[in-house]
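Encoded as structure tokens, the structure appears first; notes follow it.
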Amino acid sequence: MGGPLLGDPSPEQFCATLFALSQQASQQNVAADRAAVSAALITGWAHVAEMAPPELKGDAQVMAEAARQLTTGTLNSEDALRKISPAIQRLVRYTAEHCTQAGTVRPGG
């Protein structure tokens with residue numbers, strides 16, 4: 001059972017996908033093109049959810065749905081805080097333990 005099953009995303013793919021979303025978000029100018037940023041946010045989190053390891057799949061899906069709701073104006077802030085906060089905490093903990101700042105997997109991670 002040495003690696004991911006055929007077709008399953010690897011930790012490397014997850015780290016790289018999350019890093020790419022982070023880089024993209026930090027480089028976009030929301031004021032200049034809100035529609036493009038919204039579409040990228042939805043697509044980016046959907047891709048992160050696809051690449052997430054099993055223990056983070058639900059958290060990434062929460063973030064993908066929140067991104068969709070945020071961009072469509074249907075996000076309930078109270079509900080979002082209740083769901084998003086723990087999801088973010090688990091995603092941050094995983095990436096701190098397993099990913100480098102360059103979007104690769106830490107040795108032994």
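Just so you know, these numbers use all the heavy atoms, side chains as well, and skip hydrogens, waters and symmetry mates. In this chain, residues are counted from 1 in sequence order.
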Minimum heavy-atom distance between E50 and K57, given as atom pair plus value: O-NZ, 3.1 Å

Closest non-hydrogen atom pair between L21 and A40, with its separation: CD1-O, 4.4 Å

Within 6.0 Å of CD in E55, more than 12 heavy atoms from elsewhere: yes

Worked verdict on T17 versus W45 for side chain to side chain contact (heavy atoms under 4.5 Å, CB included): CA-CA 9 Å; T17 301; W45 274 111; over 6 Å; no

Measuring from atom [atom1] of [X] to atom [atom2] of [Y], what distance do you get when rounded to the nearest 0.5 angstrom?
X: R90; Y: M63; atom1: CZ; atom2: CE; result: 11.5 Å
X: H98; Y: E12; atom1: NE2; atom2: CD; result: 11.5 Å
X: Q61; Y: K83; atom1: CD; atom2: NZ; result: 12.0 Å
X: Q69; Y: I42; atom1: CD; atom2: CD1; result: 10.5 Å
X: Q89; Y: I84; atom1: CD; atom2: CD1; result: 12.0 Å
X: I88; Y: D59; atom1: CD1; atom2: CG; result: 10.0 Å

Side chain to side chain contact (heavy atoms under 4.5 Å, CB included) involving A46 - partner list, sequence neighbours excluded: none

Test side chain to side chain contact (heavy atoms under 4.5 Å, CB included) applied to F14 and L56, step by step: CA-CA 10 Å; F14 174 73; L56 293 178; 3.9 Å; yes

Side chain S85, main chain R82, donor-acceptor under 3.5 Å: no

hydrophobic_cluster_shared for L91 and L75, side chain cutoff 4.5 Å: yes

